[in-house]
Amino acid sequence: MISQDILIVGGGLAGLAAALSCDSHLKVAVISKVHPLRSHSVAAQGGINAALGNNPDGKDDSWERHAFDTIKGSDYLADQDVAEVMCQKAVSTIYELEYLGVPFSRFPGGLIAQRPFGGAGFPRTCYAADRTGLVILHTLFEQSIRKQVKFYNEWLVTKLVVKDGKCLGVVVYDLATGQIMPVRTRAAIFATGGYGRVYSKTTNAYINHGSGTGIAYKAGVPLRDMEFVQFHPTSLFGKNILITEGARGEGGYLVNNKGKRFMADYAPSTMELAPRDIVARAIQTEIDKGNGFDDQYIHLDLRHIAEEKIKKRLPGIREICINFAGIDPVEAPIPIQPAQHYSMGGIDIDPKCASQVEGFFAAGECACVGVHGANRLGGNSLLDTVVFGKISGEEASVYIKGSEGTNSDEKILLEEALEVKTRVEEWEKRDSGEKIHRLLERLKVVMSEKVGIFRKKEDLTEGMEKISELKEDYKRVYLSGNCLRYSQELVNLLEFDSMLDLAEVITLGALRREETRGSHYRLDFKERNDKDWLKHTLASCKEGKPQISYSGVNISKYEPEARKY
Ligand SMILES: Cc1cc2nc3c(=O)[nH]c(=O)nc-3n(C[C@H](O)[C@H](O)[C@H](O)COP(=O)(O)OP(=O)(O)OC[C@H]3O[C@@H](n4cnc5c(N)ncnc54)[C@H](O)[C@@H]3O)c2cc1C
């Protein structure tokens with residue numbers, strides 16, 4: 001049986017940052033369902049935040065201001081102590097990335113360039129044109145190879161094995177051989193990314209099913225604040241490919257069918273650079289009011305920006321528009337609409353990235369350490385992945401020094417792998433029933449229609465019913481092909497279980513939370529209610545069903561106030 005000291009699941013930024021920070025005397029491996037360089041991190045465009053103060057308009061910036069903006073942006077649901085840690089570490093994190101080889105864009109004098117982003121008091125988003133995720137991921141991957149980190153690519157983790165509150169290992173499906181087998185480890189770090197593909201309109205990659213989060217939940221780890229789903233204001237109409245916030249940071253306007261820059265009605269002082277929850281709602285409101293184009297989209301207009309600047313700072317965006325919409329943003333406005341983008345919630349972890357299960361850690365988008373609260377600011381996720389990815393590797397290394405496995409662990413791991421094999425055999429044996437891709441489509445429609453930007457009790461209740469029906473139908477699924485090698489159908493069958501759980505937890509959390517906060521907007525409870533709802537939602541899996549409880553928010557320096565922009 002393969003056996004590791006630390007097993008990292010996920011080869012995106014959080015996973016690689018973790019791998020690089022593990023004690024080098026330990027046996028460390030990274031498992032990823034795709035080649036690490038195909039992780040969704042590679043698609044990050046706009047940048048990563050740190051109060052470097054390099055922009056002439058940002059001279060007075062400080063990590064404290066960054067922390068304040070993050071907390072205000074979170075609609076005061078962020079844990080203030082952890083948000084401070086992230087923002088304080090941001091500055092050294094950027095310089096570390098630079099030393100590792102990340103080719104950041106520069107100002108003419110040579111300093112790392114910084115652009116304005118939504119909800120930020122100063123221009124503090126560092127970038128590499130509009131390919132920031134790509135350059136950081138490639139750099140960390142190179143460094144991981146240099147450090148001789150072991151990679152198991154195209155392995156899908158299907159189960160986390162926990163016994164007596166302690167992590168023993170995982171069960172994997174090896175796509176190339178079709179084998180299902182256990183992997184033993186003394187500590188595991190999940191860095192499995194977001195679940196965007198639970199929605200039909202999303203900027204996320206096709207692989208973003210969120211199964212890691214669902215697997216942890218099934219194994220008994222609570223999920224936190226899952227009802228907070230970020231919808232990005234600007235995705236390319238129809239295709240939902242992301243058009244970075246950097247396009248507005250560089251000066252882009254949002255315009256409705258009357259030719260009006262309508263953000264003046266929603267966020268008069270920050271306009272297009274209000275936080276994402278506010279801008280996404282404004283756009284959707286304009287479309288719903290009949291001020292959109294074809295009742296479906298509005299315009300992101302860059303034409304007043306110098307052609308040279310567009311070509312230099314937003315080359316990827318220009319390429320996307322030309323290739324996927326036949327539009328050159330130098331000459332024509334970009335048709336855009338909001339789409340699911342990011343998960344503020346996730347696996348409940350403490351500031352050391354440890355969960356309630358001994359030896360089980362998490363970091364990055366799959367986790368909820370508490371820095372984004374009810375709404376994440378653009379540029380803060382890449383920062384979160386690198387800062388907390390690193391902490392998770394360090395803390396897992398400290399943890400295993402005091403832990404020893406026993407031989408009975410192997411027996412348990414084999415039994416758990418057998419359970420997965422038996423499930424797959426049952427799907428293989430059936431020759432009729434439900435087709436997984438149909439269920440997947442149905443789930444996406446439910447989530448988009450019932451648990452979207454605007455929510456209300458009736459829709460959420462109906463959403464819960466539809467998810468229950470899907471859970472019943474999932475019991476009758478079957479595998480139509482009989483080859484288990486590279487079976488995308490089997491991948492979907494295995495991950496769908498998690499997707500259903502996540503959908504249920506998101507919807508139930510949203511139904512219970514009778515207030516509006518950040519990305520969670522209730523048409524029937526339009527105000528934020530700190531008296532009753534300034535608290536985190538925790539969802540635990542008890543006999544297959546979610547149980548909701550609540551926990552306190554760390555408020556240290558910043559008393560919650562009305563959020564105006
Ligand atoms: C289009 C786009 C642009 C963005 N731009 C920005 C930006 O400019 N700035 C910013 O701050 N944020 C941005 N974000 C958000 C940010 O990129 C992500 O939140 C972040 O990169 C997530 O990193 P991660 O390491 O947590 O996960 P990912 O990069 O998504 O990696 C997840 C990894 O887990 C693996 N995995 C998942 N499930 C399993 C499983 N069951 N078994 C085995 N392996 C598994 C995958 O193979 C993958 O390697 C953007 C997001 C998108 C979608």
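Order of listing sets the numbers, starting from 1, for every ligand and every atom in it.
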I want to confirm something. Looking only at heavy atoms, which of [options] is nearest to [atom]?
{"atom": "atom 2 (C) of ligand 1", "options": "Gln230, Gln45, His40, Lys159", "result": "His40"}
{"atom": "atom 18 (C) of ligand 1", "options": "His232, Arg131, Glu365, Gln340", "result": "Glu365"}
{"atom": "atom 42 (N) of ligand 1", "options": "Val157, Val386, Asn153, Asp130", "result": "Val157"}
{"atom": "atom 17 (O) of ligand 1", "options": "Gly196, Ala44, Ala18", "result": "Ala44"}

Please report whether ligand 1 has a polar contact with [X], defined as an N or O pair separated by less than 3.5 Å (distance criterion only).
{"X": "Asn208", "value": "no"}
{"X": "Thr385", "value": "no"}
{"X": "Gly15", "value": "no"}
{"X": "Lys33", "value": "yes"}
{"X": "Ser39", "value": "yes"}
{"X": "Thr203", "value": "no"}
{"X": "Gly46", "value": "yes"}
{"X": "Gly11", "value": "yes"}
{"X": "Leu13", "value": "yes"}

Next item on the list: Give a yes or no on whether the ring-centroid distance for Tyr342 and His372 is below 6.0 angstrom.
Entry: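 Yes.
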Strictly below 4.0 Å, N to O, side chains only: are [X] and [Y] in salt-bridge contact?
{"X": "Arg146", "Y": "Glu142", "result": "no"}
{"X": "Arg376", "Y": "Asp277", "result": "no"}
{"X": "Glu415", "Y": "Lys159", "result": "no"}

Has [X] got any heavy atom lying under 4.0 angstrom from an atom of ligand 1?
{"X": "Glu245", "result": "no"}
{"X": "Ile48", "result": "no"}
{"X": "Gly47", "result": "yes"}
{"X": "Arg376", "result": "yes"}
{"X": "Thr132", "result": "no"}

At under 4.0 Å between heavy atoms, is it the side chain or the backbone of [X] that contacts ligand 1, or both, or neither?
{"X": "Thr244", "result": "neither"}
{"X": "Thr192", "result": "both"}
{"X": "Trp155", "result": "backbone"}
{"X": "Leu242", "result": "side chain"}
{"X": "Ala191", "result": "backbone"}

Check: Name the one of Glu64, Arg65, His66 that satisfies side chain to side chain contact (heavy atoms under 4.5 Å, CB included) with Cys87?
Finding: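 Testing Cys87 for a side chain to side chain contact (heavy atoms under 4.5 Å, CB included) against Glu64, Arg65, His66 leaves exactly one candidate, His66.
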Review item, side-chain donor-acceptor pairs of residues 206-215, under 3.5 Å, at least two apart:
| residue | atom | partner | partner atom | Å |
| --- | --- | --- | --- | --- |
| Asn208 | ND2 | Asn204 | OD1 | 3.2 |
| His209 | ND1 | Glu495 | OE1 | 2.8 |
| Ser211 | OG | Glu495 | OE2 | 2.5 |

Margin query: Is the ring pair Tyr297/Phe237 parallel, tilted or perpendicular, if the boundaries are 30 and 60 degrees?
Written below: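 Rings of Tyr297 and Phe237: tilted, as their planes differ by 30° to 60°.
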Notebook entry, point to check: If you draw the axis of the six-membered ring of Tyr199, does the NZ or CZ of Lys201 fall within 45° of it and under 6.0 Å from the ring centre?
Noted result: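 The answer is no; the distance or angle limit is not met.
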